[in-house]
K.L.:
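Before I ask anything, here is the structure I am working with.
None of these values were measured; they are calculated from a predicted model. Numbered from 1 within each chain, the chains take letters A, B, ... in sequence-line order.
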There are 2 protein chains.
Amino acid sequence: MNADGSTPWRSAEDRDAERQSKREAVLTTAVRFFNARGFHATNLDDVARRLKVTKPTIYHYFSSKEEILFECVRRGLAAIRDVAETAQAAGGRGADRLEALMREYALVMTRDFGMCVSRTPDAQLGPESRRKFRALKRDIHAILQGVIADGMADGSLRPGNPLLAANTVAGALNWVAIWYDPKGRMSPEDIADGMVATLMSGLKDTTP
Amino acid sequence: MNADGSTPWRSAEDRDAERQSKREAVLTTAVRFFNARGFHATNLDDVARRLKVTKPTIYHYFSSKEEILFECVRRGLAAIRDVAETAQAAGGRGADRLEALMREYALVMTRDFGMCVSRTPDAQLGPESRRKFRALKRDIHAILQGVIADGMADGSLRPGNPLLAANTVAGALNWVAIWYDPKGRMSPEDIADGMVATLMSGLKDTTP
DNA sequence: TTTTCTCTATACTCACCGGTAACAACCTGT
DNA sequence: ACAGGTTGTTACCGGTGAGTATAGAGAAAA
């Protein structure tokens with residue numbers, strides 16, 4: 001028996017969990033390199049060195065460099081899709097759901113996997129992954145556009161072109177991933193709240 | 001004498017002009033590859049083949065692949081800076097100057113060199129070029145932020161955080177370079193006008 | 001005419017990096 | 001004890017692509 005009452009032999013679950021946590025470590029290390037240097041400029045030897053292992057070790061957990069990138073963007077997109085679906089399903093008028101969606105979207109873009117989505121051009125992936133990547137982005141865009149269209153229909157949003165409005169919103173939010181600096185003055189919440197307010201109310205002053 | 005009354009021997013100016021036009025051809029061909037595939041995924045042999053020459057020929061006009069990229073982003077940034085400075089110097093209240101700036105900025109982002117700016121991360125360039133690249137972007141951002149601050153001060157824009165507002169605007173506009181499709185339904189002018197209206201007036205409906 | 005300069009091609013070097021082969025150490029279950 | 005799976009290593013392969021050495025053709029200058 002061990003000091004803490006457990007055996008020194010790890011169970012199958014323990015080993016499986018350890019494997020998962022190592023996979024995880026590869027992903028979080030790699031995504032930071034990708035975000036800092038770009039996919040092509042990142043080499044797996046550097047990632048491996050940072051993890052204090054060698055390159056072939058990484059290949060025990062992923063079958064290719066691209067699979068690592070794809071898993072990163074998949075996670076980022078999953079996070080965005082979650083916030084989009086949650087907001088879409090929430091009650092209230094279109095404007096309220098849009099506000100919630102934008103706020104949470106902005107927060108995701110300040111985190112590693114979210115940043116990776118915005119910084120990864122489709123062309124960076126092979127044909128198969130690119131197809132999936134685009135499909136996921138289309139889904140999210142459809143939800144965003146749908147919520148905006150709902151708001152325009154229920155009178156809570158100014159009438160207009162929902163596609164263009166969605167692209168404007170997506171642009172402002174995705175760009176957060178480019179300029180956000182964790183060491184900067186603005187917290188993710190500051191950014192999210194301020195950006196939502198600006199996009200909803202506009203820049204122009206409307207006081208009489 | 002030639003049929004058109006000129007000599008078959010080209011003057012020094014003609015030869016110089018020809019050289020410039022060849023340099024130009026390299027740039028416009030390269031920038032399209034960069035925009036379509038990304039800098040690292042573009043190889044100069046493909047660019048050369050498209051121009052019906054070979055790679056060493058390109059090296060008679062540019063000293064490195066990076067110099068080509070830098071010249072592309074330099075042109076894009078120059079175009080943006082021009083519209084920013086013109087708008088800044090124009091008369092009128094902050095809101096009016098901001099509107100003009102945003103509209104012209106959006107138009108630049110639908111063109112090759114403008115797109116290249118938004119699609120090129122700093123990390124893609126070497127230390128020296130990166131320094132210049134960032135400095136130019138900072139200048140433009142300062143103008144944008146300044147115009148917004150002016151508008152907030154003169155009462156034409158809603159009071160708020162000029163930095164955050166500038167980032168929101170820049171994000172929406174820069175993102176145009178990612179999704180704009182020349183073969184799509186929306187013309188650059190449609191996009192520019194619609195986006196300016198959305199950003200200025202906001203998404204929320206404010207009719208009583 | 002001869003020399004020189006500009007432009008272009010052929011044919012190459014060389015470094016980098018994604019990916020693999022082979023093997024060793026170590027658990028774990030039989 | 002032993003077989004088999006997992007995890008890691010060292011040492012390597014092979015493709016790719018930036019950049020270059022060299023030479024030749026043609027125009028321009030001397």
K.L.:
Testing A:K137, A:R130, A:R131, A:K132 for salt bridge (Lys or Arg N to Asp or Glu O under 4.0 Å) with A:D122, which one passes?
P.N.:
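Of the listed options, the one satisfying the test is A:K137.
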
K.L.:
Nearest whole Å is fine: how far is C:dC17 C1' from A:N43 CG?
P.N.:
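So the two atoms are 7 Å apart, to the nearest Å.
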
K.L.:
Distance criterion of 3.5 Å, no angle test: do you see the side chain of A:K55 paired donor-to-acceptor with the base of C:dG19?
P.N.:
yes

K.L.:
Please tell me if B:S64 has a side-chain N or O lying less than 4.0 Å from either OP1 or OP2 of D:dA18.
P.N.:
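For B:S64, the contact criterion (side-chain N or O under 4.0 Å from OP1 or OP2 of D:dA18) is not met.
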
K.L.:
Nearest to the A:T54 side chain among D:dA18, D:dT9, C:dA9, which nucleotide is it?
P.N.:
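Looking only at heavy atoms from C-beta outward on A:T54, the closest nucleotide is D:dT9.
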
K.L.:
Just compare D:dT7, C:dG19, D:dA18 and give me whichever is closest to any side-chain atom of A:H60.
P.N.:
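For A:H60, the side-chain atoms sit closest to D:dT7.
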
K.L.:
What I want to find out is whether B:E71 reaches B:R75 closely enough, with some N-O distance under 4.0 Å, to be called a salt bridge.
P.N.:
yes

K.L.:
Check B:D150 with B:R97, please: is the shortest side-chain N to carboxylate O separation under 4.0 Å?
P.N.:
yes

K.L.:
For the side chain of A:P56, counting heavy atoms from C-beta on, which of D:dT20, C:dT20, D:dG8 is nearest?
P.N.:
C:dT20

K.L.:
Between C1' on C:dC7 and CD on B:E18, what's the gap in Å once rounded to a whole number?
P.N.:
10 Å

K.L.:
Mind calculating the distance between CG (B:D46) and P (D:dG19) to the nearest angstrom?
P.N.:
15 Å

K.L.:
Counting only side-chain heavy atoms from C-beta out, which of C:dG19, D:dG19, D:dT9 sits nearest to A:K65?
P.N.:
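So the side chain of A:K65 is nearest to C:dG19.
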
K.L.:
Atom NE2 of A:H40 and atom P of D:dA18: how far apart are they, to the nearest Å?
P.N.:
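For the pair A:H40 NE2 and D:dA18 P, the rounded distance is 12 Å.
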
K.L.:
Ignoring the backbone of B:Y59, work out which of D:dG17, D:dG8, D:dT20 is nearest its side chain.
P.N.:
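Given the options D:dG17, D:dG8, D:dT20, the side chain of B:Y59 is closest to D:dT20.
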
K.L.:
Figure out the CG/P separation between B:D45 and D:dT20, and round it to whole Å.
P.N.:
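Interatomic distance, CG of B:D45 to P of D:dT20: 14 Å.
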
K.L.:
Working to the nearest 0.5 Å, report the span between CG of A:L69 and OG of A:S64.
P.N.:
9.5 Å

K.L.:
Measure the distance from CD on B:E66 to P on D:dG19 and round it to the nearest whole Å.
P.N.:
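B:E66 atom CD is separated from D:dG19 atom P by 9 Å.
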
K.L.:
Atom CZ of B:R49 and atom P of C:dT10: how far apart are they, to the nearest Å?
P.N.:
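Rounding to the nearest Å, CZ of B:R49 and P of C:dT10 are 13 Å apart.
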
K.L.:
Regarding A:S63, tell me which of base, sugar-phosphate or nothing describes its non-hydrogen contacts under 4.0 Å with the strands shown.
P.N.:
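If one applies the 4.0 Å heavy-atom cut-off, A:S63 turns out to touch nothing in the nucleic acid.
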
K.L.:
Does A:Y61 place a side-chain N or O at less than 4.0 Å from the phosphate oxygens OP1/OP2 of D:dG8?
P.N.:
yes

K.L.:
Which one, C:dG18, D:dT7, C:dA21, comes nearest to the side chain of A:R19?
P.N.:
D:dT7

K.L.:
Mind calculating the distance between NZ (A:K52) and P (D:dT9) to the nearest angstrom?
P.N.:
12 Å

K.L.:
From C-beta outward on A:V53, which listed nucleotide comes closest to its side chain: D:dG17, D:dT9, C:dA9?
P.N.:
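When the side chain of A:V53 is considered, D:dT9 is the closest of D:dG17, D:dT9, C:dA9.
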
K.L.:
Can a salt bridge be assigned to the pair B:D46 and B:R37 using a cut-off of 4.0 Å between side-chain N and carboxylate O?
P.N.:
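Counted as a salt bridge, because a side-chain N and a carboxylate O are separated by less than 4.0 Å.
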
